Amino acid sequence: HEGINKKCDHTRLDNLRGEGWMLGFDVLDKNQNPNPKMRDAIVTCAESQKEGVLLIASGPTALCIMPPITMTNSEADEALHRISHLPIWD
C-alpha cells in the first residue's frame, strides 16, 4: 500500500492500511484531526454521485474501500483520486 499512499494526492486521507485489496484510511478535518462526520459525508456523496467505488465506514474514523478482486493498482489509484476530489472538502 506504500505506493498507493504516495499517490494519494489529498492531505486529508491518512494512514492507508489494509489486507489484500481491502483498503482503509482515516479521513482528517482541515486541522488534520480524524473526522467521522467528514467520513460519513464522503460515503453519502460518493453514493449519490454513483462514483462506482464501494465505500464502508469502519470504526470511529476510518473509511474502507471494498473493491472486487479483479481491481488493478491503477484502478485503486483512481478510486483514491476520485475520493480525494469529491465536492465535500471545504
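All of these numbers come straight from a predicted model, not from anything done at the bench. Every heavy atom of this structure was used, including side-chain atoms; hydrogens, water molecules and symmetry mates were not.
Between P60 and P36 the shortest heavy-atom distance is O-CB, 3.1 Å.
Side chains of L28 and N35 form no contact here, defined as non-hydrogen atoms less than 4.5 Å apart. Put simply, the side chain of L55 does not reach to within 4.5 Å of the side chain of C64, judged on heavy atoms. Side-chain contact check for L63 versus F25: some heavy-atom pair is nearer than 4.5 Å.
Judged purely by atom type and a 3.5 angstrom limit, R39 uses its side chain to pair as donor or acceptor with the backbone of A62.
Taking the side chain to side chain contact (heavy atoms under 4.5 Å, CB included) definition, one finds that A41 meets it with I88, sequence neighbours left out. Taking N33 as the reference, D29, N31 meet the side chain to side chain contact (heavy atoms under 4.5 Å, CB included) condition, with sequence neighbours excluded. In this view, D26 and N15, R17, T61 satisfy the side chain to side chain donor-acceptor pair (under 3.5 Å) rule, not counting sequence neighbours.
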